[in-house]
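Here's the structure we're looking at; comments come further down.
What you see is a predicted model; the values in this text were computed from it and never measured.
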Amino acid sequence: QAYEDGSPVLCITDGVPAGSSGNSQYDVASAMKTVSKWFGYLDKPERTPEFMRRAFTMLRSGRPGPVILAVPNATATYDDTADPYHPVKGWKSAPDPADVRAAVDQLLVARNPLIYAGEGVIYAGASEDLQALAELVNVPVITTLKAKGAFPENHPLFVGVRGDHVAHYLNKSDVILAVGSSLSPGRFSHAIPDAAKKTIIHCNIDELHINKMYPTAHALIGDAGLTLQALRQEVSGRTSGAGRAPGNVAAEVRAARDAALARYRQVMNSGETPINPYRVYGDLMQVLDLRNSFVTHESGNTRDQLSTVFDTLIPRGFLGWGNVSTLGFSLAAAIAAKKAFPGRASVAVTGEAGLGYMLGNLEVLLREKLGITVVHISNGGFAGYGPGFWGPGHDPFTHQVMGHDEVDMSKVIGALGFHTERVSEPAEVIPALRRALDVNTSGRPAYIEFICCQYPVYGGWVGRSAE
């Protein structure tokens, strides 16, 4: 998962002891090398400082990715004064100035330019640089799922992540400035429509992604932050700081967003029962401090629906994921976010399938006194799998599962020691969320089961039909 997502994770694991490889037909080292940026086998304990220096250099420099250290003898010792370990920094590279000039040539003459920002912007800590460039060149911005929050979603130039309005801007663009994204079309990303007819300026730290799926007109190889700064300086210098003329860009973005999101905003205020899932999402946005909280989703409709409408104002405020992640990952994501930022609220939104996968790990929240809230969209169905994936069924709900009328999960999880509630009335959504977040402040986890309808409606991805 870390390799596919390009996440810089250090994994220290047992290594096969020397002379023991014949005990298995599975070649661990060869397998791990295919899913890591670097695999190190610590054959001598005195090499520990060397391996740690190399591991952290890999983690902090260049293309993000996981590093694996295999330790065949975990009880071995060494003299740490002979070669003491000192923390290493990361090294960054900036793009070729000639490439920057060529990219700006295209940006300044484009009729309908578009910025497509990926997670590389967040890894580079370059959200402010992205906003500064977008404002200077007055260009609409879309982001990938994992980059939600890289650009503040209440900004007049923000278009969205998915949906008809995003499709509109991707289709009409003549120049696309892609920053920190591989542009690889997958289940949870867009294809570039009529790519051969567009000018694609690809800014990436890894040359592996250049000309990978689409013809690249110009490439800027380097750190996303340094790249955005160089582009802004070049534009500013050429235009005496004025940038591109504002025109009606912001008004057009707002009109496109309003038209595409109208149907969702309507059900966010719905008083129907069972509760519409979007009512829960809308009320969650009202209750949370969106500049001091984390929200993540599960596989299926909670991901699709939340990534369509949830306003994210800070980097990582919304933890988007997909590709090869497993069901139940939302709990791990919420835990990691809470451990890293104990003062922020952390919420995992799940459906039936995701909840089933996380049940065995809920006790961790109690044992570690982690004030996390699990929001359960309880509608008695598994969503997002094609027909027949788990046997007879229909799309998008392939398999009917035990519903709220057959099992009360608030009682089941409450028996563990969680603060739990079961909510069936729309007017009780906000009070229940506030009570949950309140108990979280004392280190007690909460689980709220919202009795919801099945409502498989959400924004699509360009190049993929809705599933």
Side-chain angles (χ1 to χ4, degrees), residues 153-154 258 260-298 300-313 317-318 330 334 344-352 354-355 371-381 383 397 401-415 418-442 444-459:
E153 298 186 359
N154 60 349
D258 286 346
L261 296 176
R263 65 191 299 191
Y264 305 107
R265 290 169 178 167
Q266 181 178 359
V267 289
M268 280 182 185
N269 295 301
S270 171
E272 67 182 302
T273 56
I275 303 169
N276 190 292
Y278 282 99
R279 173 64 185 261
V280 178
Y281 308 147
D283 287 356
L284 182 61
M285 283 191 280
Q286 291 186 51
V287 170
L288 287 173
D289 177 354
L290 298 180
R291 298 186 183 278
N292 194 38
S293 59
F294 298 102
V295 170
T296 190
H297 54 78
E298 264 304 327
N301 280 178
T302 58
R303 166 172 45 216
D304 298 323
Q305 294 165 337
L306 279 167
S307 59
T308 298
V309 301
F310 198 87
D311 290 331
T312 310
L313 306 186
F318 183 92
S330 67
R344 293 188 186 180
S346 186
V347 178
V349 182
T350 184
E352 265 73 7
L355 183 66
I372 290 170
T373 288
V374 176
V375 169
H376 178 195
I377 303 299
S378 179
N379 57 15
F397 293 89
V401 298
M402 292 182 70
H404 59 84
D405 54 335
E406 298 170 286
V407 58
D408 187 339
M409 290 305 299
S410 66
K411 291 182 179 178
V412 174
I413 296 174
F418 275 60
H419 165 83
T420 64
E421 295 188 39
R422 173 178 259 211
V423 178
S424 58
E425 293 296 328
E428 285 300 310
V429 174
I430 286 179
L433 289 171
R434 284 177 173 159
R435 287 189 291 268
L437 295 172
D438 185 54
V439 300
N440 285 167
T441 60
S442 64
R444 187 182 181 191
Y447 162 86
I448 310 297
E449 181 181 15
F450 293 102
I451 309 305
C452 291
C453 65
Q454 296 182 357
Y455 192 76
V457 180
Y458 43 83

(message) Set out, in order, the CA-CA distance, both residues' side-chain angles and the distance that settles side chain to side chain contact (heavy atoms under 4.5 Å, CB included) for L433 and L288, then state yes or no.
(response) CA-CA 9 Å; L433 289 171; L288 287 173; over 6 Å; no
Compare every heavy atom of [Y] with every heavy atom of [X], then report the nearest pair and how far apart it is.
X: V429; Y: I275; value: CG2-CD1, 4.1 Å
X: T308; Y: L261; value: O-CD2, 3.9 Å
X: A446; Y: A436; value: CB-CB, 3.7 Å
X: A334; Y: T296; value: N-CG2, 4.4 Å
X: S410; Y: T420; value: O-OG1, 2.9 Å
X: N379; Y: C453; value: ND2-O, 3.5 Å

What's the spacing between [X] [atom1] and [Y] [atom2] if we round to 0.5 Å?
X: S378; Y: I448; atom1: OG; atom2: CD1; answer: 12.5 Å
X: I451; Y: D405; atom1: CD1; atom2: CG; answer: 9.0 Å
X: T373; Y: R435; atom1: OG1; atom2: CZ; answer: 12.0 Å

(request) Would you indicate whether the side-chain heavy atoms of L306 and V349 approach each other to under 4.5 Å? (result)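 Sidechains of L306 and V349: in contact.
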Is a side-chain N or O of [X] found less than 3.5 angstrom from the main chain of [Y], in a donor-acceptor match?
X: R422; Y: H404; value: yes
X: R444; Y: F418; value: yes
X: E449; Y: H376; value: no
X: Q305; Y: Y278; value: no

(request) Salt-bridge test for D438 and R434: reply yes if a basic N is under 4.0 Å from a carboxylate O, no otherwise. (result)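 No, D438 and R434 are not salt-bridged.
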(message) Between D258 and R265 (salt bridge meaning N to carboxylate O under 4.0 Å), is one present in this structure?
(response)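 Yes, charged N to carboxylate O under 4.0 Å.
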(request) Could you give me the CA-CA distance, side-chain angles and deciding distance for M285 and M268, then say whether side chain to side chain contact (heavy atoms under 4.5 Å, CB included) is met? (result) CA-CA 10 Å; M285 283 191 280; M268 280 182 185; 3.7 Å; yes
(request) Check whether more than 12 heavy atoms from other residues, nucleotides or ligands sit under 6.0 Å from atom CD of Q266, and answer yes or no. (result)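 Atom CD in Q266 is not crowded, with 12 or fewer foreign heavy atoms closer than 6.0 Å.
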(request) Quick one: do Y281 and T302 satisfy side chain to side chain contact (heavy atoms under 4.5 Å, CB included)? Show the steps, please. (result) CA-CA 10 Å; Y281 308 147; T302 58; 4.0 Å; yes
